[in-house]
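Written out below as structure tokens is the structure these notes cover.
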Amino acid sequence: MIAAPLDFYARRADFPALSHHAAHSGDRRPLIYLDHAATSQKPQVVLDRLMSAYIERCANVHRGVYAQSEAATRDFEGVRRQIAALIDAPDSQSVVFTKGTTESMNLLAYSLGQCVVQPGDEVLVTQLEHHSNFLPWQELARSRGAKLVVAQVDEHGRLSPHAIAQKLSTKTKLLACTHASNVTGELIDVRSICQLAKQHGTITIIDGAQATAHLPVSVRELGCDFYCFSAHKMLGPFGVGILWGRAALLRTLPAWQTGGGMVLSVRETESDHQSIPHRFEAGTPAVAEVIALGAAVEYLQGIGLSVIAAQEEILRTETRARLRQVPGLRLIGPEGPGVPVISFVLDGVHPHDVATALAAEGIAVRAGLHCAEPLFAAMGVRGSVRVSLSFVNTIEEIETLCSALVRIGALFR
Amino acid sequence: MIAAPLDFYARRADFPALSHHAAHSGDRRPLIYLDHAATSQKPQVVLDRLMSAYIERCANVHRGVYAQSEAATRDFEGVRRQIAALIDAPDSQSVVFTKGTTESMNLLAYSLGQCVVQPGDEVLVTQLEHHSNFLPWQELARSRGAKLVVAQVDEHGRLSPHAIAQKLSTKTKLLACTHASNVTGELIDVRSICQLAKQHGTITIIDGAQATAHLPVSVRELGCDFYCFSAHKMLGPFGVGILWGRAALLRTLPAWQTGGGMVLSVRETESDHQSIPHRFEAGTPAVAEVIALGAAVEYLQGIGLSVIAAQEEILRTETRARLRQVPGLRLIGPEGPGVPVISFVLDGVHPHDVATALAAEGIAVRAGLHCAEPLFAAMGVRGSVRVSLSFVNTIEEIETLCSALVRIGALFR
Amino acid sequence: MNEALAKLYQEVILTHHRKPHHFGPLPDATQQVRLVNPLCGDEVTIAVRIDQDTIAACHFDGYGCALCRASASLLTLSVRGQSLEAVRALGHTLLTFLQADPASQTPEGIGDLIALCGVREHPSRRRCATLPWEALLTIVDDATE
Amino acid sequence: MNEALAKLYQEVILTHHRKPHHFGPLPDATQQVRLVNPLCGDEVTIAVRIDQDTIAACHFDGYGCALCRASASLLTLSVRGQSLEAVRALGHTLLTFLQADPASQTPEGIGDLIALCGVREHPSRRRCATLPWEALLTIVDDATE
Ligand SMILES: Cc1ncc(COP(=O)(O)O)c(C=O)c1O
Ligand SMILES: Cc1ncc(COP(=O)(O)O)c(C=O)c1O
């Protein structure tokens with residue numbers, strides 16, 4: 001058995017949910033949380049920052065002149081710079097705060113989409129996408145009279161740059177592609193894909209929702225035009241998403257939502273909008289939540305994203321190996337580099353029955369289509385059980401999972 | 001001096017920010033918070049609920065089968081019912097969670113606007129509106145080739161049903177109007193306005209952002225079609241807004257944002273959307289924040305919104321009377337029923353200088369145009385100082401404010 | 001297996017799941033309805049042959065979890081030979097029961113269907129058990145309109 | 001008045017606010033620029049008469065707070081008769097100074113403009129003081145292009 005380095009065990013104490021939870025009432029076992037891809041648990045430092053934001057600087061940002069509002073504004077804008085540094089962006093004015101990855105994608109589909117997609121153009125997505133990076137483009141294509149082109153995965157669900165290359169042409173105005181799959185964990189070679197896209201003048205939009213908690217990300221190295229992700233999947237609070245865009249391009253985009261905070265002046269018939277990033281941030285943002293995201297970024301960087309990636313790779317490999325030993329269990333998805341998200345089916349047992357039976361033992365996993373119907377259709381699979389890990393998970397937890405799966409298989413068959 | 005009932009003094013202890021804050025470093029006086037209209041302070045019960053949601057039920061909603069996710073879903077949907085009860089809505093499926101009032105209005109401008117506004121139609125708003133209930137309609141009119149009609153206020157900024165009646169015609173497809181002004185506090189006779197609108201078949205959208213923390217609201221009695229507001233202005237967390245719509249109408253509206261959680265099935269070329277309210281809730285919502293909003297609603301209802309309204313009316317009247325005694329101070333806005341939001345100018349002193357000078361004494365007020373440029377243009381005023389109260393404020397605080405204003409006037413003139 | 005789970009996956013349920021009754025197409029069906037559960041993408045088709053206001057035969061088909069399969073299998077057994085009126089009453093009684101509070105009383109006349117009661121403690125799985133009945137009630141409501 | 005406030009609203013500032021210099025239109029202006037502060041809707045117009053690469057006259061107009069008025073008033077005094085080059089240097093020095101950390105050193109040659117230093121501790125008010133200078137630099141940059 002491969003033991004995790006001791007300090008990773010110690011990290012568990014940073015997450016109050018991991019010791020607090022019981023599964024069902026009366027059950028005193030601690031929670032085994034294997035659903036980090038849905039939302040990650042939050043370390044105490046994030047919750048502390050959230051509380052102090054709500055108590056010491058509970059004010060609206062950008063407009064107040066009193067201490068709390070100035071402090072909130074300073075911290076809020078400080079997190080913008082932290083995010084820029086986290087993803088190695090050249091500047092922080094191109095970091096836009098949204099509600100989540102889903103809203104980031106919708107913003108782009110409307111604002112960018114209306115600008116660059118004309119009737120007859122093509123918008124390229126892939127079968128690997130989460131619905132949040134699929135439906136906005138489907139809708140854009142429909143509303144603009146453009147064609148939605150879908151790059152195909154192979155029978156294992158693998159997406160190769162080659163599959164993208166086949167569909168790219170000068171008609172391809174936009175390419176939306178995930179950095180890592182929320183079903184199979186597959187890590188996509190975004191760098192090569194963006195290089196290919198550039199050759200056709202195609203603008204690239206990358207869905208980083210499953211990447212930013214797991215590996216160092218450099219938008220400069222990836223060479224993408226836009227990169228979107230969610231705070232709640234990277235140890236941060238709910239209600240905050242990020243849209244990063246190349247400043248030169250972002251600056252050219254019109255506003256999408258309008259309202260307070262995004263205008264320079266308002267007249268009865270027309271209005272002047274602010275420059276980036278504020279033009280895209282209409283209304284009161286999730287002030288305290290954005291501030292608390294700063295603590296999540298510090299926490300991740302404190303461990304180091306390369307260190308996290310290395311530890312999670314150990315966990316992922318070991319988990320896959322042990323799952324394979326469960327009778328009747330079949331892993332779904334390709335071999336190769338990935339984030340610690342693993343899908344499988346258990347022969348003769350429906351994924352939801354597996355998940356419910358695991359839940360009864362205090363093990364939280366997800367079952368179903370994981371908001372990725374096109375991928376399941378392409379793989380010819382009706383649904384999967386998904387185990388998604390983080391560096392706080394342990395091999396002991398995986399052992400408990402596997403022995404539970406053995407028992408569940410026997411029970412239902 | 002009119003003393004507030006003792007239990008309102010006691011309520012101050014429920015709000016950690018009110019005892020915690022110092023103004024500037026070194027200043028030990030407690031914060032005098034008079035900017036509730038920008039965002040309200042949060043009682044400890046809301047922060048406790050937020051923390052317990054983040055620790056005991058930190059999970060994505062509507063998809064997990066394990067205890068935390070089921071509990072989060074149950075609580076999340078429970079708050080939907082609480083909100084329905086709070087605004088006296090006939091059912092809870094017509095309560096949609098958004099990011100804030102601004103997003104609610106944008107959702108309506110796109111989804112409803114695209115459905116019912118045709119070129120040549122009219123969209124009616126008023127000069128009293130916050131930019132968040134003005135710009136989305138300006139943009140809708142522009143994009144649909146419709147005409148934005150703006151009902152006028154009188155020289156005091158008063159909006160009468162008569163001014164609306166003058167502009168209503170069968171061409172008026174939509175009317176967007178505030179329930180209470182965020183500048184003058186004026187409470188609008190929404191009921192009469194909605195009756196007028198109904199006579200012309202006009203759909204009514206009411207901005208309740210400044211109302212829900214201050215008075216009992218019944219969408220049934222108001223007779224409006226849509227009612228929007230923000231959690232953070234009613235003792236709740238940031239990042240949550242509400243859009244309520246008449247179910248029969250809401251059901252007919254197409255989705256706006258697309259993504260995870262709002263679809264029934266996804267195929268490569270088309271998709272089927274969920275029914276209300278989920279059709280309008282794409283992506284991971286602010287789970288813990290919505291749950292914590294439930295505690296804010298309980299807290300408000302625990303005191304009773306009529307009781308709050310009565311106490312705040314005492315504070316409002318008394319504050320206006322005392323402000324009038326400050327040399328060179330002129331109140332802005334009409335007499336009459338209102339929420340406790342009061343604007344004024346101080347002769348010879350710019351509003352921002354007033355606000356900064358007050359901030360130095362630990363008094364938080366707002367200065368400027370308050371995201372309501374059309375109103376200031378109509379009143380011919382360049383900006384105001386805004387004092388916005390809540391039941392936690394005291395006459396002593398107002399006394400401190402007024403004596404500070406006397407000194408500030410003398411300093412600058 | 002802990003208590004809550006044992007109540008959900010009672011032996012009756014597991015038996016019907018492993019060997020469902022009347023599974024597969026009904027060749028001479030007079031009506032059929034297919035419903036999809038958006039949570040998991042599962043689908044169930046209920047097919048019946050109605051003869052003089054009576055359900056002469058009933059089959060189910062599709063892809064679903066143990067709860068859905070068992071519920072559908074039990075359904076086919078309990079409606080066969082029953083009048084539309086009786087089936088409609090039974091369906092509504094059962095749906096109300098399954099959606100009620102776990103502490104609520106068991107209604108009379110539901111027989112073996114009581115085995116489905118565990119879903120009341122698992123709100124995220126309730127729909128699995130109710131889906132076949134929703135499909136059936138659609139047919140019955142249409143047929144008696 | 002507490003310390004931070006006394007530093008922001010120094011007597012120099014209040015004097016210029018109460019009785020600003022060169023306030024009002026400049027009839028024979030060769031250039032003028034109007035800027036608006038979106039935070040408060042304030043506006044300032046800086047008007048100059050440039051004569052042989054020198055600012056022969058400078059007025060300001062508009063509506064602004066004490067900081068903005070004092071800053072503009074001080075500006076008109078400190079640029080009159082100066083070469084465009086000198087004004088440009090002064091403007092950049094001042095803007096850098098006002099945007100810097102409150103602990104940073106005072107640059108040489110800014111004279112009375114030091115009175116504006118209090119805005120460094122009030123980030124939400126910084127723009128009030130810098131707005132007139134931004135307007136002026138726009139003119140100077142254009143004129144020397
Ligand atoms: C009357 C009114 N409408 C709308 C808004 C916008 O609300 P939010 O910023 O929470 O979206 C506000 C507050 O800023 C307001 O006062
Ligand atoms: C790959 C991927 N993209 C997008 C999303 C949507 O993120 P959110 O729900 O936070 O908007 C998710 C998560 O649900 C995801 O896993």
Side-chain angles (χ1 to χ4, degrees), chain A residues 16-17 20-21 23-24 35 38-39 41-42 47 51 54-56 58-60 63-68 99-100 102-103 105-106 130-132 134-136 138-139 150 230 232 238-239 257-260 263 265-266 268 271 282-284 286-289 352 355-356 359 364 366-367 371 373-374, chain B residues 16-17 20-21 23-24 35 38-39 41-42 47 51 54-56 58-60 63-68 99-100 102-103 105-106 130-132 134-136 138-139 150 230 232 238-239 257-260 263 265-266 268 271 282-284 286-289 352 355-356 359 364 366-367 371 373-374:
Chain A
H20 189 282
H21 280 212
H24 282 278
D35 198 16
T39 198
Q41 296 299 331
K42 325 300 173 200
L47 302 182
M51 279 304 97
Y54 268 116
I55 294 174
E56 289 160 37
C58 183
N60 220 317
R63 296 200 164 252
V65 302
Y66 48 94
Q68 292 73 20
K99 182 164 75 170
T102 304
E103 193 186 35
M105 292 303 177
N106 278 276
H130 187 279
H131 293 166
S132 290
F134 192 94
L135 293 170
Q138 187 182 69
E139 179 56 23
V150 185
S230 297
H232 74 96
F238 291 106
Q257 294 191 40
T258 56
V263 273
S265 74
V266 173
E268 290 208 352
S271 311
T284 303
V287 178
E289 285 72 16
H352 272 88
T356 295
R366 179 120 332 182
C371 296
E373 283 189 48
Chain B
H20 189 283
H21 280 213
H24 282 278
D35 197 17
T39 198
Q41 297 298 331
K42 324 301 175 200
L47 302 181
M51 278 304 97
Y54 268 116
I55 295 175
E56 290 161 36
C58 183
N60 219 317
R63 297 200 165 255
V65 302
Y66 48 93
Q68 291 73 19
K99 183 164 74 168
T102 304
E103 193 186 36
M105 292 303 176
N106 277 275
H130 186 280
H131 292 166
S132 290
F134 191 94
L135 294 170
Q138 188 181 70
E139 179 57 22
V150 185
S230 296
H232 74 96
F238 291 106
Q257 295 191 40
T258 56
V263 273
S265 74
V266 174
E268 289 207 352
S271 312
T284 304
V287 179
E289 285 72 16
H352 272 88
T356 295
R366 179 120 330 184
C371 296
E373 283 189 48

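Source: prediction; values computed, not measured. Numbered from 1 within each chain, the chains take letters A, B, ... in sequence-line order.
Of the atoms belonging to A/Val263, it is side-chain heavy atoms, and not backbone ones, that fall under 4.5 Å from chain B. For chain B, the nearby parts of A/Glu268 are the backbone and the side chain; heavy atoms of each come within less than 4.5 Å. Only the side chain of B/Arg366 comes within less than 4.5 Å of a heavy atom in chain A; its backbone stays farther off. Contact of B/Ser265 with chain A is made through backbone and side chain together, with heavy-atom distances under 4.5 Å. Residue contact with chain A, scored on non-hydrogen atoms closer than 4.5 Å, involves the side chain of B/Gln138 exclusively. In this structure, the portions of A/Asn60 lying under 4.5 Å from any heavy atom of chain B include both its backbone and its side chain.
Partners of A/Ala364 according to the side-chain contact (heavy atoms from CB on, under 4.5 Å) rule, which considers only residues two or more places apart in sequence or in another chain, are A/Leu31, A/Tyr33, B/Tyr66. Residues passing the ring pair (Phe, Tyr, Trp, His ring centres under 6.0 Å) test with A/His131: none are found, sequence neighbours excluded.
Under the 3.5 Å distance criterion, with hydrogens and angles disregarded, no donor-acceptor pair is assigned to the side chains of B/Gln257 and A/Glu139.
The residue among B/His130, B/Glu373, B/His352 with the most heavy atom pairs within less than 4.5 Å of chain A is B/Glu373. Between chain B and the residues A/Ala367, A/Pro374, A/Ser230, A/Ala282, the largest count of heavy-atom pairs under 4.5 Å involves A/Ala282. For the options A/Ala355, A/Gly239, A/Gly260, A/Gly100, heavy-atom pairs under 4.5 Å to chain B are most numerous at A/Gly260.
In terms of modelled atom types and a separation under 3.5 Å, the side chain of B/Thr39 and the main chain of B/His232 share a donor-acceptor contact.
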Let's go through A/Thr258 and B/Asn106 carefully: what are the C-alpha distance in whole Å and the side-chain angles of both, what is the deciding distance for side chain to side chain contact (heavy atoms under 4.5 Å, CB included) to 0.1 Å, and is it a yes or a no?
CA-CA 7 Å; A/Thr258 56; B/Asn106 277 275; 3.7 Å; yes

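Geometrically, A/Lys99 does not engage A/Phe238 in a cation-pi contact defined by less than 6.0 Å to the ring centre and at most 45° from the axis.
B/Val65 approaches A/Ala359 most closely through the heavy-atom pair O-CB, 3.9 Å.
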